[in-house]
Number of protein chains: 2
Amino acid sequence: MCFGVTTMALAHSENEVVTMLKAVGLRVTPQRDAILRHILVYRGHSSADDIYRSIHERWPNISVSTVYNTLKSFSEAGLVKEITFGDGASLFDANTYPHHHMLCVQCGQLTDFYLPEMPDLTSVAKELCFQIDECQLEVRGVCANCQDIMKS
Amino acid sequence: MCFGVTTMALAHSENEVVTMLKAVGLRVTPQRDAILRHILVYRGHSSADDIYRSIHERWPNISVSTVYNTLKSFSEAGLVKEITFGDGASLFDANTYPHHHMLCVQCGQLTDFYLPEMPDLTSVAKELCFQIDECQLEVRGVCANCQDIMKS
DNA sequence: AGCTAGTTGATAATTATTATTAACTAGCTA
DNA sequence: TAGCTAGTTAATAATAATTATCAACTAGCT
């Protein structure tokens with residue numbers, strides 16, 4: 001799945017991408033540049049395969065394993081977030097700001113949403129002696145579009 | 001992963017399992033019986049492979065595809081819930097009562113927890129025109145056990 | 001007891017991801 | 001600015017998880 005807008009492809013300057021990579025101490029290579037730019041442009045969550053195919057079109061030499069390696073580096077560096085919600089392949093999100101997800105069970109579309117505050121889990125955490133690092137709401141349902149389709 | 005207690009193996013009578021299957025209109029077969037009983041006993045989330053191995057020990061004739069087919073039927077019928085949280089294989093949960101999950105990023109242990117009420121998402125749902133069917137909190141962090149290990 | 005649609009087991013195929021490794025190169029250093 | 005080296009890449013193989021196919025079998029109706 002990939003809901004990006006192609007005409008935005010130049011919205012992120014080469015400089016911005018290079019700066020991001022350097023900021024987290026990753027070497028700047030053309031492959032990383034292309035992959036990070038893809039993720040930034042197609043904010044709507046791309047899979048490793050989406051990224052591979054897209055870059056491969058223009059640059060047939062890129063390797064699948066490079067895409068996976070790179071995505072792993074990016075995740076570890078905090079540049080992107082891996083989303084394992086839903087079936088099938090992981091998606092990679094440039095939106096590292098804490099947010100939640102709505103998955104349409106009909107079409108698979110994944111939508112970000114935000115809440116003013118996180119649910120209070122202090123008592124649960126205390127009770128289970130669990131150290132909470134991250135907390136996300138994962139909502140399943142039917143998106144506006146698929147509701148329309150079902151009506152007709 | 002499998003955190004069950006073997007001595008509970010008889011806690012669920014044949015009758016209970018048969019009743020559950022009939023209640024949702026599924027034919028009663030020895031395979032379905034064994035798989036559903038396994039899930040009920042090992043409430044602590046079993047993967048398809050866990051279930052396959054466990055049943056295969058006593059009944060070497062059972063097939064992997066039967067396990068997958070059966071789990072799919074069970075999910076569709078609402079007897080079990082598939083959990084795709086975390087990396088690797090899906091887990092199957094007999095606990096169909098609404099609840100949330102805590103995943104230990106060190107050891108992979110998945111713990112259920114409950115909240116008195118669901119977060120209020122009516123305004124988000126309205127804004128995005130999204131029909132919400134299900135809502136789960138997915139928490140990542142470190143379990144009590146792994147915290148102890150890290151200290152020492 | 002016989003029939004039939006639903007189920008199973010064996011196997012192959014597919015999809016997603018990780019491992020391996022020799023060749024290559026980004027960016028430091030002289 | 002050339003040379004060095006550790007980090008990176010591409011190609012490929014391997015693995016893991018899941019789905020597809022289909023002939024043989026069987027649960028449960030009649």
Side-chain angles (χ1 to χ4, degrees), chain A residues 1-2 14 17-36 38 45-53 55-77 79-80 82-92 108, chain B residues 1-2 14 17-36 38 45-53 55-77 79-80 82-92 108:
Chain A
M1 280 159 289
C2 202
E14 183 158 359
V17 173
V18 170
T19 307
M20 285 178 74
L21 289 171
K22 287 192 171 164
V24 295
L26 285 174
R27 277 198 192 173
V28 180
T29 69
Q31 292 88 339
R32 287 179 174 171
D33 188 279
I35 293 169
L36 184 51
H38 179 101
H45 316 122
S46 341
S47 69
D49 193 57
D50 290 333
I51 297 166
Y52 171 70
R53 284 167 191 274
I55 295 176
H56 186 260
E57 271 180 31
R58 308 211 154 209
W59 186 359
N61 240 33
I62 193 147
S63 161
V64 178
S65 35
T66 299
V67 175
Y68 276 101
N69 283 338
T70 304
L71 290 171
K72 199 176 182 187
S73 310
F74 287 1
S75 290
E76 284 166 1
L79 289 179
V80 303
E82 184 172 355
I83 304 167
T84 53
F85 186 33
D87 291 351
S90 290
L91 301 180
F92 294 85
Chain B
M1 280 160 288
C2 200
E14 185 160 354
V17 173
V18 170
T19 306
M20 286 177 73
L21 289 171
K22 287 192 172 167
V24 295
L26 285 174
R27 276 197 193 173
V28 180
T29 69
Q31 293 87 343
R32 287 180 174 170
D33 187 280
I35 292 169
L36 184 51
H38 179 101
H45 316 122
S46 341
S47 68
D49 193 57
D50 289 334
I51 296 166
Y52 171 71
R53 284 168 192 273
I55 295 176
H56 187 260
E57 271 180 30
R58 309 212 153 207
W59 186 357
N61 239 34
I62 193 151
S63 160
V64 178
S65 36
T66 299
V67 174
Y68 277 102
N69 282 338
T70 304
L71 291 171
K72 200 177 181 185
S73 310
F74 287 2
S75 290
E76 285 166 0
L79 289 179
V80 304
E82 182 172 356
I83 304 167
T84 53
F85 186 33
D87 290 350
S90 290
L91 301 179
F92 294 85

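In what follows, every heavy atom counts, from backbone to side chain, and hydrogens, waters and symmetry copies are set aside. Naming convention: chains lettered A, B, ... in sequence-line order (proteins, then strands); numbering from 1 in each chain.
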Peer 1: Please state how far atom CG in B/L91 lies from atom P in D/dA17, giving the value in whole angstrom units.
Peer 2: 11 Å
Peer 1: Can you identify which nucleotide, out of C/dT7, D/dA10, D/dA27, has its nearest atom closest to the B/P30 side chain?
Peer 2: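 Nearest nucleotide to the side chain: D/dA27.
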Peer 1: If you find the nucleotide of DNA chain C closest to B/D87 and the one closest to B/V67, which residue's nucleotide is nearer the 5' end?
Peer 2: B/V67
Peer 1: Please classify the nucleic acid contact of B/N61 as base, sugar-phosphate, or nothing, using heavy-atom distances under 4.0 Å.
Peer 2: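 Sugar-phosphate contact only - B/N61 comes under 4.0 Å of backbone atoms but never of a base.
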Peer 1: Is there a donor-acceptor pair closer than 3.5 Å between any side-chain N or O of B/N69 and the backbone N or O of B/T66?
Peer 2: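 Pair absent, no side-chain N/O of B/N69 close to backbone of B/T66.
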Peer 1: Let me test you: for the helix from C/dA1-D/dT30 to C/dA30-D/dT1, what is the angle between the axes at its two ends (five pairs each), rounded to 10 degrees?
Peer 2: 30°
Peer 1: When the distance from OH of A/Y68 to P of C/dT20 is rounded to whole Å, what number comes out?
Peer 2: 18 Å
Peer 1: Could you say whether B/F92 or B/V28 is positioned toward the 5' end of DNA chain D, judged by the nucleotide with the nearest heavy atom to each?
Peer 2: B/F92
Peer 1: Can you identify which nucleotide, out of C/dT8, C/dG9, C/dT7, has its nearest atom closest to the B/W59 side chain?
Peer 2: C/dG9
Peer 1: Taking all non-hydrogen atoms of both residues into account, name the closest pair between A/F92 and A/S75 and its distance.
Peer 2: CE2-OG, 4.0 Å
Peer 1: Side-chain contact, heavy-atom cut-off 4.5 Å: B/L26 with B/F74?
Peer 2: yes
Peer 1: From the set D/dT9, C/dG9, C/dT7, return the single nucleotide nearest to any side-chain atom of A/N69.
Peer 2: D/dT9
Peer 1: Given side chains that start at C-beta, do those of A/T70 and A/L36 come closer than 4.5 Å, heavy atoms only?
Peer 2: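 No, side chains not in contact.
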Peer 1: Could you check how far CZ of B/R27 sits from P of C/dT7, rounded to whole Å?
Peer 2: 6 Å
Peer 1: Look at all strands and tell whether B/T29 reaches a base, only sugar-phosphate, or nothing, counting heavy atoms closer than 4.0 Å.
Peer 2: sugar-phosphate
Peer 1: Using the closest heavy atom to pick a nucleotide of DNA chain D for each, name whichever of B/A48 or B/K22 lands nearer the 5' end.
Peer 2: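 Per heavy-atom nearest nucleotide, the more 5' residue is B/A48.
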Peer 1: Between C/dT8 atom P and B/Y52 atom OH, what is the distance in whole Å?
Peer 2: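 My rounded result for the distance is 15 Å.
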Peer 1: Out of curiosity, A/R53 CZ to A/S47 OG, how far, rounded to the nearest 0.5 Å?
Peer 2: 8.0 Å
Peer 1: Could you report the tightest heavy-atom contact between B/L21 and B/D33, atom names first, then the distance?
Peer 2: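 Closest approach of B/L21 to B/D33: CD1-N, 4.3 Å.
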Peer 1: Can you check the B/I83 CD1 to D/dA17 C1' distance for me, whole Å?
Peer 2: 17 Å
Peer 1: Do the side chain of A/S65 and the base of D/dA11 come within less than 3.5 angstrom through a donor-acceptor pair of N or O atoms?
Peer 2: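 Check passes, donor-acceptor contact within cut-off.
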Peer 1: Can you measure B/Q31 atom CD to C/dG9 atom P for me and round it to whole angstrom units?
Peer 2: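 It is 4 Å, rounded to the nearest whole Å.
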Peer 1: Are OP1 or OP2 of C/dA16 and a side-chain N or O of A/S47 less than 4.0 angstrom apart?
Peer 2: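 No, no such contact exists.
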Peer 1: Kindly write out the residues that satisfy side chain to side chain contact (heavy atoms under 4.5 Å, CB included) with B/D87, not counting sequence neighbours, or none if the list is empty.
Peer 2: A/T84
Peer 1: To the nearest Å, give me how far apart CD1 (A/I55) and P (D/dT9) are.
Peer 2: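 So the two atoms are 11 Å apart, to the nearest Å.
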Peer 1: Do you know which two heavy atoms are closest between B/D50 and B/H38, and how far apart they sit?
Peer 2: O-CE1, 4.2 Å
Peer 1: Atom CD of A/E76 and atom P of D/dT8: how far apart are they, to the nearest Å?
Peer 2: 11 Å
